[in-house]
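Side chains are part of it too, since the values below use all heavy atoms of this structure and drop only hydrogens, waters and symmetry mates. Order of the sequence lines fixes the chain letters, A, B, ..., with proteins taken first and strands second; residue numbering starts at 1 for each chain. On a predicted model such as this, the values are computed, not experimentally measured, just so you know.
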Number of protein chains: 2
Amino acid sequence: MLTIGTLSKKTGTKVQTIRYYEQIGLMPEPGRTEGGQRRYDSSQLDRLSFIRHSRQLGFSLDAIRELLDLSDHPNRPCDEADAIARRQLKQVEQRMARLKALRTELKRMVHECSGGRTADCRVLEVLRDHSECLTEHDEIGA
Amino acid sequence: MLTIGTLSKKTGTKVQTIRYYEQIGLMPEPGRTEGGQRRYDSSQLDRLSFIRHSRQLGFSLDAIRELLDLSDHPNRPCDEADAIARRQLKQVEQRMARLKALRTELKRMVHECSGGRTADCRVLEVLRDHSECLTEHDEIGA
DNA sequence: CTTGAACCTTCAGTGGCTAGAGGATGTAGA
DNA sequence: TCTACATCCTCTAGCCACTGAAGGTTCAAG
C-alpha cells in the first residue's frame with residue numbers, strides 16, 4: 001500500500017497534481033485509511049505512470065482519457081489509439097515548423113542589433129513593423 | 001478616430017482581447033465618445049501592432065511590457081531589448097529541441113503499430129513503459 | 001506518549017485569452 | 001425624424017493543466 005507521497009516520488013508528479021487527476025476523474029478514487037488518507041496499489045501506480053508519460057509526450061488530458069480507455073479494452077481494434085498518436089505527431093510537427101520560422105526571425109533581429117540606443121535598435125524596429133519579417137510566422141495559440 | 005472594431009480588423013486582434021490589454025495596462029485607456037464608446041488614434045494602432053507582432057514571435061506579455069517601455073525611451077541603451085530577444089531565442093531553441101525528441105518517439109510509436117488489437121498496440125505499450133523510449137523527452141511545462 | 005513529517009480539504013491564482021448575457025450606442029437608409 | 005440593426009458597453013465566468021497556501025488532522029518512529 002502506497003501513500004500519495006510515495007506515488008508522487010515514484011512518478012515525479014506533485015501530490016496536488018495527483019489529487020487533481022482524481023478530482024477530474026482521470027485517476028480512480030483510491031482506498032482510504034481509517035483516518036481518511038489515500039492508499040494506492042500498484043495498478044494505480046501504473047495508471048499514473050501512463051498518464052505522466054503521455055503528458056511528457058504532449059498528449060492532452062482528454063487524449064489521455066481516450067488512450068486509457070482504449071488501454072482498458074484489450075480486444076478492441078487499435079486504430080483509434082493509432083489515430084490519436086498520429087494526430088499528436090502532426091501537432092508536434094506543426095509546432096516545430098512554426099518555431100523554426102520564429103527562430104529565423106529572432107536570430108536575424110538579434111544578429112542585426114549593433115548595441116546603440118533603443119532609438120536605433122533593430123529588435124524594436126522589427127517588432128514595430130511586421131513587413132520587415134522575411135518569413136511568415138504565427139505563433140499565437142500554438 | 002478608429003473604433004475598437006476597426007482596430008480589431010486592422011491588427012487581427014479580437015475586440016475582447018483589446019479590452020483585455022487595456023484592463024491589464026498594456027494598452028492605454030483610449031478616448032471615449034459621449035456615449036462611452038472607445039475611440040483610438042494611429043499611435044494606439046501602432047502600439048497594438050507592436051504587441052501583436054511580439055506575441056506572434058512568442059514574447060510573453062511581461063516581456064512585451066518591457067519592450068514597449070524601452071521603445072518609449074529612445075535614448076536608453078538597447079542592451080536590454082537585445083537581452084530580452086536573446087532570451088526568447090534561447091527559449092525557442094529549447095522548445096524546438098524538446099519537440100524534436102517528442103517527434104522521434106511519436107514517429108517510432110506510430111510506425112511500429114501494425115493495426116491489430118489494442119492489447120498488442122505498440123502505441124499503448126510505449127506509453128505504459130517509459131523505458132521503451134530511446135530519447136529523453138520532457139515536454140511538460142514547455 | 002510525543003514529535004513532526006506527511007497528510008487532509010478548500011479556495012484562489014497562473015497566462016492569455018474567449019464566450020456569453022443583457023443592455024446601450026451609433027449610423028445608414030426610408 | 002424614425003427605425004433597424006450592427007456594433008459597442010460592462011460584467012461574469014470559463015478554458016487548460018496545474019500550483020500554492022491556509023489551517024487543521026493523521027501516522028509512524030523513537
Taking only N/O atoms, report every protein-nucleotides 21-24 of chain D pair under 3.5 Å with atom names and distance.
none

Detail all sub-3.5 Å separations between protein N/O atoms and N/O atoms belonging to nucleotides 26-30 of chain D.
residue	atom	partner	partner atom	Å
dC27(D)	OP1	Thr33(A)	OG1	2.7
dC27(D)	OP1	Gly35(A)	N	3.0

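In this structure, CG of Leu48(B) is placed 14 Å from C1' of dG16(C), rounded to the nearest angstrom. Distance, Asp62(A) CG to dC15(D) P: 11 Å, rounded to whole Å. The distance from atom CE of Met1(B) to atom C1' of dT7(D) is 19 Å, rounded to the nearest whole Å. Glu29(A) places its CD atom 10 Å from the P atom of dT9(C), with the value rounded to the nearest Å. As a whole-Å value, the separation of Glu22(B) CD from dC17(C) P is 15 Å. Atom CD of Gln56(B) is separated from atom C1' of dC17(C) by 15 Å (rounded to the nearest Å). Distance CZ (Phe59(B)) to C1' (dC17(C)): 20 Å, rounded to an integer number of Å. Nucleotide dT19(D) holds its P atom 14 Å from the CD atom of Gln23(A), rounded to whole Å.
The salt bridge (Lys or Arg N to Asp or Glu O under 4.0 Å) check on Arg39(A) picks up nothing, with sequence neighbours excluded. Partners of Asp69(B) by side chain to side chain contact (heavy atoms under 4.5 Å, CB included), not counting sequence neighbours, listed by chain and number: His73(B), Arg76(B). For Arg103(A), there are no side chain to side chain donor-acceptor pair (under 3.5 Å) partners at least two apart in sequence or on another chain. Every residue two or more places apart in sequence or in another chain was checked for a side chain to side chain donor-acceptor pair (under 3.5 Å) with Arg19(B), and none qualifies. Legend: residues meeting side chain to side chain donor-acceptor pair (under 3.5 Å) with Ser43(B), ordered by chain and number and at least two apart, are Asp41(B). Under the side chain to side chain donor-acceptor pair (under 3.5 Å) criterion, Thr11(B) pairs with Thr13(B), sequence neighbours left out.
Identified under the side chain to side chain donor-acceptor pair (under 3.5 Å) test for residues 82-93 of chain B, with sequence neighbours left out: Asp82(B)-Arg86(B).
The two residues Arg55(A) and Ser60(A) come nearest to each other via the heavy atoms NH1-CA, 4.2 Å.
Distances shown here put a side-chain N or O of Arg52(A) below 4.0 Å from the OP1 or OP2 atom of dC18(D). OP1 or OP2 of dA19(C) lies within a sub-4.0 Å distance of a side-chain N or O belonging to Lys14(B). Contact check, Tyr21(A) against dC18(D): a side-chain N or O comes under 4.0 Å of OP1 or OP2. Between Thr17(B) and dT18(C), a side-chain N or O to OP1/OP2 separation shorter than 4.0 Å is present. For dC16(D), the OP1/OP2 oxygens have no side-chain nitrogen or oxygen of Arg65(A) closer than 4.0 Å.
Checking dA17(D), dC8(D), dC17(C) against the side-chain heavy atoms of Arg55(B) singles out dC17(C) as nearest. Distances from the side chain of Tyr20(A) to the nucleotides dA17(D), dT9(C), dC17(C) place dA17(D) closest.
Between the side chain of Thr33(B) and the backbone N or O of Gly36(B) there is at least one donor-acceptor pair closer than 3.5 Å.
For the residue pair Arg47(B)/Tyr40(B), the side-chain donor-acceptor check at 3.5 Å is not satisfied.
Among the heavy atoms of the strands lying under 4.0 Å from Ile4(B) are primed sugar atoms or P, OP1, OP2 only; no base atom is included.
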